[in-house]
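One structure below.
Computed from a predicted structure; not experimentally measured.
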Amino acid sequence: MNDNIKTGIFVGVALVTIVAAILSGPKSIDPSFYNDEGDVFFAAFTSPDQVAKLEVTEFDEATASPNTFVVTSEAGRWTIPSHSNYPADAKTRMAKAAGLLIGLEKSAIRSDKPGDYADLGVEDPTEADAYSKGLGTRVTFRDKTGESLASLIIGKEVEDRQGMRFVRLPGKKRTYMAKIPTIVDTQFSEWIETDLLQLDSWKLKKILFDNYTVNESTGRVEMGDKIWVNKKDNSWTMDGVMEQEEFDDTKFGEVTGELGGIKIVGVRHKPKGIDADLNI
């Protein structure tokens with residue numbers, strides 16, 4: 001084999017080795033991959049006053065379907081459609097919820113791969129079925145025209161990064177890390193005034209115990225004894241108590257305390273035949 005042939009072989013082997021090293025070695029990342037880190041997700045969303053509707057969708061494993069909690073404003077009145085349009089005490093609560101997305105920055109890019117969604121917990125719950133894994137919570141704020149002000153799928157917490165979560169814009173591939181210390185609360189009791197009677201128990205002066213019963217077979221109300229209890233000089237007395245009978249007024253302090261502490265935990269439609277004053 002002459003020298004020219006040997007030289008050609010060595011050059012060829014060298015080129016193959018260089019190409020293999022390039023293909024198998026670490027690849028540089030295009031700087032444009034990071035071009036939106038630090039940007040605000042929803043620049044036009046600047047105030048809770050813009051919000052006319054909130055939708056929070058989570059996947060309900062019991063029904064194997066997405067479940068959406070909605071708080072909406074109509075004619076200046078906030079209601080919860082899923083609970084018989086019960087009035088929502090949304091002024092401060094909506095501001096707190098909207099504050100999670102207003103000014104929210106893309107702290108860091110985590111992935112552009114759909115295959116990572118389940119591990120990061122940013123699969124869209126509105127597109128899920130019973131076999132879906134890694135589902136997030138989709139939060140959407142809308143204005144009075146129904147247009148989206150902000151919509152985000154909120155996923156798992158970032159390990160060792162308190163207050164940071166993985167998030168993704170619906171319909172987009174990229175997953176980010178963002179500072180979201182908590183998820184929007186969808187408990188009914190968190191969106192209403194739970195104090196049913198709004199009663200200052202110490203102001204009570206009279207209590208009527210109306211001992212009626214309802215005859216279920218006839219549907220009639222059968223009247224019983226009515227007993228008045230009165231408060232005077234910080235002591236309770238009951239009508240009809242004989243001198244030789246002992247009256248324990250501390251029990252009525254407990255009664256008034258219980259009345260002042262009654263909380264709403266849920267609502268239902270009134271049965272047919274009962275009017276607004278709960279009369280039959």
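Taking the centre of each ring, Phe41 and Tyr176 come in below the 6.0 Å mark.
Thr175 contributes atom OG1, which lies 12.0 Å from atom NZ of Lys106 (distance to the nearest 0.5 angstrom). For the atom pair CD1 of Ile154 and CZ of Arg138, the computed distance is 12.0 Å after rounding to the nearest 0.5 Å. Note that CZ of Arg110 is 5.0 Å distant from CG of Leu120, once rounded to the nearest 0.5 Å. How far CZ of Phe42 is from CG of Leu169: 5.0 Å, rounded to the nearest 0.5 Å. Separation of atoms CG (Leu100) and CZ (Phe141) is listed at 7.0 Å; rounding is to 0.5 Å. Here the CD atom belonging to Glu55 is positioned 8.5 Å from the OG atom belonging to Ser148, to the nearest 0.5 angstrom.
Looking at Pro66 and Asp60, their side chains never come closer than 4.5 Å, going by heavy atoms from C-beta outward. Side-chain contact between Phe45 and Asp143: absent, with no pair of heavy atoms (C-beta onward) separated by less than 4.5 Å. Arg93 is listed as a side-chain neighbour of Asp89, based on a closest heavy-atom distance under 4.5 Å. Side chains of Pro87 and Arg77 form a contact here, defined as non-hydrogen atoms less than 4.5 Å apart. The closest side-chain heavy-atom distance from Phe59 to Glu123 is not below 4.5 Å. Side-chain contact check for Leu149 versus Leu101: every heavy-atom pair is 4.5 Å or farther apart. Considering only heavy atoms from C-beta on, Leu104 stays 4.5 Å or farther from Val40 through its side chain. The shortest side-chain heavy-atom distance between Thr137 and Val184 does not fall under the 4.5 Å cut-off.
Residues Lys173 and Asp112 are not paired through a salt bridge, judged by the lack of any N-O separation under 4.0 Å between the basic side chain and the carboxylate.
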Worked verdict on Val214 versus Arg220 for side-chain contact (heavy atoms from CB on, under 4.5 Å): CA-CA 6 Å; Val214 177; Arg220 294 173 178 262; over 6 Å; no

For a side-chain hydrogen bond (donor to acceptor under 3.5 Å, both in side chains) check, start with the C-alpha distance between Glu222 and Asn215, then their side-chain angles and the critical distance, and finish with the verdict. CA-CA 7 Å; Glu222 298 177 354; Asn215 189 319; 2.9 Å; yes

Where do Phe69 and Phe188 land on the ring pair (Phe, Tyr, Trp, His ring centres under 6.0 Å) test, with the steps shown first? CA-CA 9 Å; Phe69 177 81; Phe188 171 68; 8.0 Å; no

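Grouping the Ile, Leu, Val, Met, Phe, Trp and Tyr side chains by contacts below 4.5 angstrom, directly or via other members, places Ile207 with Ile227. Cluster annotation: Ile102 and Leu54 are assigned to the same hydrophobic cluster (Ile/Leu/Val/Met/Phe/Trp/Tyr, side-chain heavy-atom contacts under 4.5 Å, transitive). Trp78 and Val70 are members of different hydrophobic clusters when ILVMFWY side chains are connected at heavy-atom separations under 4.5 Å. Residues Ile109 and Phe166 are members of separate hydrophobic clusters, defined by side-chain heavy-atom contacts under 4.5 angstrom among Ile, Leu, Val, Met, Phe, Trp and Tyr. Grouping the Ile, Leu, Val, Met, Phe, Trp and Tyr side chains by contacts below 4.5 angstrom, directly or via other members, places Leu204 apart from Leu208.
Nearest heavy-atom pair, Gly155 versus Arg165, reported as atom, atom and distance to 0.1 Å: O-NH1, 3.1 Å. Taking every heavy atom of both residues into account, Ser107 and Ala178 meet most closely at OG-CA, 3.9 Å. Nearest heavy-atom pair across Pro125 and Leu135 is CA-CD2, 4.2 Å. Here the shortest heavy-atom pairing between Lys156 and Ala118 reads NZ-O, 3.9 Å. In this structure, Asp124 and Pro170 approach most closely via the heavy-atom pair OD2-CB, 4.4 Å.
For the pair Arg168 and Tyr117, the cation-pi test (distance below 6.0 Å, angle within 45°) is passed.
When atom types are taken as modelled, the side chain of Glu74 and the backbone of Thr79 share no donor-acceptor pair closer than 3.5 angstrom.
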